[in-house]
Amino acid sequence: MTSRTDDTAHTENTHNANTWLFVPATRMDRVAKAFASGADAVIVDLEDTVALEDKASARKALQEYYAHADYRPVWVRIRSVKQAVMSLPKT
């Protein structure tokens, strides 16, 4: 994954962010639309908006977004490891 040096400045300025929009990780095309709408910050959701069977492709789409030329820093919503393990189907 590509390292971004501009992320630090973005993180430091989030206290001024008034508008935060959530985008499902399965619809990474909506990130640009969220920023274009005037959102101060975009949160890519890898949890509730992503079906269990789509999690792997959603993570891959997010990784590809980071390497894209139109990249802008985003926040990512994930569960804690404990919550993730507790939500796994019983075998």
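Source: prediction; values computed, not measured. These numbers come from the heavy atoms of this one structure, side chains and all, not from hydrogens, waters or symmetry mates.
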Q: Which pair of non-hydrogen atoms, one from Val44 and one from Val74, has the smallest distance, and what is that distance?
A: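 Minimum heavy-atom contact is CG2-CG2, 3.9 Å.
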Q: With a cut-off of 3.5 Å and sequence neighbours excluded, list every side-chain donor-acceptor pair involving residues 29-37.
A:
| from | atom 1 | to | atom 2 | distance (Å) |
| --- | --- | --- | --- | --- |
| Asp29 | OD1 | Arg27 | NE | 3.1 |
| Asp29 | OD2 | Arg27 | NH2 | 3.0 |
| Ser37 | OG | Ala34 | O | 2.6 |

Q: Determine the minimum heavy-atom distance between Ala61 and Ala25, stating which atoms define it.
A: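 Scanning both residues, the minimum pair turns out to be CB-O, 3.9 Å.
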Q: I need the single residue from Asp54, Val76, Thr26 that forms a side-chain contact (heavy atoms from CB on, under 4.5 Å) with Leu46. Which is it?
A: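 Answer after filtering Asp54, Val76, Thr26: Val76.
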Q: How many angstroms lie between CD1 in Ile43 and CZ in Phe22, if you round to the nearest 0.5 Å?
A: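 Between Ile43 CD1 and Phe22 CZ, I get 4.0 Å after rounding to 0.5 Å.
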Q: Has the side chain of Asp40 got a donor or acceptor atom that lies under 3.5 Å from a matching backbone atom of Thr19?
A: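 Judged by distance alone, yes, a pair lies under 3.5 Å.
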Q: Apply side-chain contact (heavy atoms from CB on, under 4.5 Å) to Thr49 and Arg77, showing your working.
A: CA-CA 10 Å; Thr49 61; Arg77 179 176 177 252; over 6 Å; no
Q: Restricting to salt bridge (Lys or Arg N to Asp or Glu O under 4.0 Å), what partner residues turn up for Arg59, sequence neighbours left out?
A: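 With sequence neighbours excluded, Arg59 shows a salt bridge (Lys or Arg N to Asp or Glu O under 4.0 Å) to no residue whatsoever.
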Q: Would you check if Ile78 and Glu47 make a side-chain contact, meaning some heavy-atom pair closer than 4.5 Å?
A: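 With C-beta onward as the side chain, the pair touches.
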Q: Taking only residues two or more places apart in sequence or in another chain, which ones pass salt bridge (Lys or Arg N to Asp or Glu O under 4.0 Å) with Glu64?
A: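 Applying salt bridge (Lys or Arg N to Asp or Glu O under 4.0 Å) to Glu64 gives Lys60.
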Q: Going only through I, L, V, M, F, W and Y residues with side-chain contacts under 4.5 Å, is there a path from Tyr65 to Val23?
A: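 Yes, because Tyr65 and Val23 connect within a single hydrophobic cluster, where side-chain heavy atoms sit under 4.5 Å apart.
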